[in-house]
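The structure appears right after this line, and notes come after that.
No experiment lies behind these values; they were computed from the predicted model shown.
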Amino acid sequence: MAQEYLNAEDTFLLAELLYRIRCHSLLKKIGYTKEKVQEHLSEKGRISPYRQMLYELAENITSDMLKEIIFLLQNHLPKGWIIPSALDLLTLLEKQGLLTTDNVKILEEVCMTVSPDLLETINCYKKGKDNKKTNFTQSFSELNLELRGEFSNVENEPKTERLRSYKMDGPHRGFCLIINNVNFGSSQRMGSYKDAEQLERVFTWLGLDVRTRTNLTSGEIINLMETWQHEQDHKDRNCFICCILSHGKSGAIFGTDYRPVSIRMLMSHFTAKQCPQLAAKPKLFFIQACQGDKIQDPVYVYSDGPTPDLSSMQERVSLSESIPEEADFLLGMATVDGCVSFRHVQEGSWYIQALCSKLQLLVPRGEDILSILTQVNEDVARRESPSGEKKQMPQPAYTLRRKFIFPIPMSPPPSEQHQCF
């Protein structure tokens with residue numbers, strides 16, 4: 001059976017598999033593009049709508065959801081079995097006869113309890129299967145599988161407006177400005193160069209023109225923002241991204257002179273009024289810095305807070321107050337207000353490590369930035385200092401009006417470029 005579908009003369013099954021799991025960068029290795037696969041799916045597609053539905057569910061079931069589902073199904077599952085992934089769970093349900101192409105009731109029941117949003121995938125499968133006008137083996141192809149694993153409405157289903165995405169298909173993606181403050185007098189933010197290097201590689205891979213500045217005083221940071229505010233080339237770009245790696249306190253980051261610079265003031269340089277070239281375009285800011293005054297120094301893990309003695313009674317600034325009162329901004333903070341953020345002296349900060357890792361993993365799957373940052377939160381929240389006593393929780397805030405989705409790069413992610421065959 002396998003030889004009928006996969007051979008040297010016809011590699012479409014392999015191309016379809018890569019397309020379904022969203023490894024689009026590998027398609028060119030066998031002579032395909034995403035568009036070429038889409039063009040031939042209705043004619044040559046071999047993966048059934050049922051299999052596609054199971055895969056989409058497995059991709060969207062988080063580890064926490066999986067634990068809840070296993071708990072709900074404990075009376076149906078063999079005792080003592082270890083189920084490491086959602087795909088393993090679905091396979092087990094099939095082997096026990098609880099899940100078939102004609103009976104997905106058990107999935108509907110657990111999804112209704114754990115995450116009703118997952119029902120959209122199941123309902124789409126059922127409607128496509130019941131639609132007599134739709135060929136069963138091709139229905140998901142004709143239902144136009146979208147980037148995030150959601151399905152468009154089938155014929156005769158009431159139309160619902162989907163949230164549109166920002167335009168990201170211009171010849172120039174945008175600028176990515178990185179400010180990396182390492183040297184603070186007699187102390188250094190060890191590991192920060194690792195963060196900056198990872199950000200440079202990842203955002204270059206995502207098509208941005210990356211510029212890095214190192215060790216800036218508070219005045220130099222403000223002057224740099226004013227320079228970029230008046231950058232005329234913004235008008236030909238789709239977005240603007242700024243990453244700041246430094247020490248900080250509530251609502252501010254520090255220059256190397258230990259003087260605070262308000263995050264809100266920095267971002268306000270790029271409002272539509274102050275920077276018309278970026279009007280209606282997404283502006284993303286990622287801040288790796290403490291937002292509290294308490295210094296916590298675990299073994300090999302250092303807090304990104306200032307070394308000078310600062311009063312713990314300083315007024316805190318809420319995250320919502322840090323964002324300009326205008327649309328199209330996103331602010332990703334390494335930690336919640338009042339708390340420290342952690343940085344490994346060799347591997348870099350927890351937040352930037354997680355951000356770069358999740359961008360490389362999820363952009364090729366078509367995930368939007370808010371979904372990616374949610375998984376960044378989960379990643380960082382799992383980490384702990386060597387002593388096991390210190391944790392961290394990132395916090396995003398935004399005034400985005402549309403989904404922000406990076407176009408899928410043609411080349412493999414930086415972490416895989418030396419592993420591809």
Side-chain angles (χ1 to χ4, degrees), residues 1-2 5 13 16-23 41 45-158 160 162 361-362 365-368 371 374-375 378 382:
M1 175 67 75
Y5 296 133
L13 176 59
E16 183 183 6
L17 288 169
L18 292 174
Y19 170 79
R20 294 299 182 194
I21 65 174
R22 301 181 183 89
C23 287
L41 273 178
R46 292 290 183 269
I47 302 173
S48 71
Y50 173 69
R51 290 291 159 205
Q52 294 175 48
M53 182 265 295
L54 293 183
Y55 178 75
E56 291 302 322
L57 285 177
E59 284 291 284
N60 287 288
I61 293 175
T62 66
S63 57
D64 289 337
M65 290 181 191
L66 179 62
K67 293 177 183 177
E68 293 182 46
I69 293 174
I70 292 174
F71 175 78
L72 293 172
L73 296 178
Q74 58 183 323
N75 293 332
H76 299 282
L77 302 176
K79 296 187 182 299
W81 275 52
I82 298 177
I83 304 175
S85 71
L87 276 178
D88 291 309
L89 172 64
L90 296 175
T91 301
L92 181 58
L93 292 176
E94 282 190 295
K95 289 180 178 179
Q96 293 184 292
L98 298 173
L99 182 61
T100 67
T101 57
D102 297 319
N103 182 14
V104 294
K105 184 177 180 180
I106 194 168
L107 285 183
E108 293 178 290
E109 290 175 349
V110 295
C111 288
M112 176 62 73
T113 302
V114 174
S115 178
D117 290 343
L118 295 174
L119 287 174
E120 182 180 356
T121 301
I122 300 173
N123 290 337
C124 181
Y125 162 71
K126 292 175 64 177
K127 290 173 183 176
K129 179 176 177 294
D130 295 338
N131 189 344
K132 295 180 180 180
K133 296 180 181 180
T134 305
N135 183 290
F136 181 73
T137 62
Q138 301 172 3
S139 61
F140 269 43
S141 304
E142 296 171 2
L143 288 172
N144 296 321
L145 186 65
E146 293 191 355
L147 286 174
R148 290 189 58 208
E150 298 172 352
F151 298 94
S152 60
N153 298 317
V154 295
E155 186 177 359
N156 298 326
E157 184 179 356
T160 57
R162 292 188 177 275
L361 175 66
L362 300 176
R365 298 181 183 180
E367 295 282 357
D368 70 282
S371 298
T374 299
Q375 296 215 27
E378 181 182 25
R382 289 177 178 174

Kindly compute the distance separating CD1 (Ile61) from CD (Glu68), expressed to the nearest 0.5 Å.
-> 11.0 Å

Partners passing side chain to side chain contact (heavy atoms under 4.5 Å, CB included) against Thr374 (at least two apart in sequence or in another chain) | none

Straight-line distance of Ile83 CD1 to Lys67 NZ, nearest 0.5 Å = 13.5 Å

Run the side-chain contact (heavy atoms from CB on, under 4.5 Å) check on Leu362 and Arg365 step by step: do they pass?
-> CA-CA 5 Å; Leu362 300 176; Arg365 298 181 183 180; 4.0 Å; yes

All heavy atoms of Arg20 vs all of Tyr55, minimum pair found to be O-CE2, 3.4 Å

Please lay out, stage by stage, how Ser63 and Glu378 fare under the test side-chain contact (heavy atoms from CB on, under 4.5 Å).
-> CA-CA 10 Å; Ser63 57; Glu378 181 182 25; 3.0 Å; yes

Rounding to 0.5 Å, atoms CG (Leu118) and CD1 (Ile69) come to a distance of 7.0 Å

Please identify each residue that fulfils side chain to side chain contact (heavy atoms under 4.5 Å, CB included) with Asp102, with sequence neighbours left out.
-> Thr100, Lys129

Locate the shortest heavy-atom distance separating Asp88 from Ser85; write the atom from each residue and the value.
-> OD2-OG, 2.6 Å

Taking Glu16 for the side chain and Leu41 for the main chain, is one N or O donor matched with an acceptor at less than 3.5 Å?
-> no

Taking all non-hydrogen atoms of both residues into account, name the closest pair between Gln96 and Leu77 and its distance.
-> OE1-CD2, 4.0 Å

Name every donor-acceptor pair, under 3.5 Å, that has one atom in a side chain of residues 103-114 and the other anywhere in the protein, sequence neighbours excluded.
unit_1, atom_1, unit_2, atom_2, d
Asn103, OD1, Lys105, N, 3.2
Glu108, OE2, Lys126, NZ, 2.9
Thr113, OG1, Glu109, O, 3.3

Enter the distance from Leu92:CG to Ile70:CD1 here, rounded to the nearest 0.5 Å.
-> 9.5 Å

For Leu98 and Leu73, what are the C-alpha separation, side-chain angles and deciding distance, and is it a side-chain contact (heavy atoms from CB on, under 4.5 Å)?
-> CA-CA 11 Å; Leu98 298 173; Leu73 296 178; over 6 Å; no

Minimum heavy-atom distance between Leu89 and Leu66, given as atom pair plus value | CD2-CD1, 3.8 Å

Test log, rule side-chain contact (heavy atoms from CB on, under 4.5 Å), inputs Leu54 and Tyr125 | CA-CA 10 Å; Leu54 293 183; Tyr125 162 71; over 6 Å; no

Is Glu59 reaching over with its side chain to a backbone N or O of Glu56, donor-acceptor style, under 3.5 angstrom?
-> no

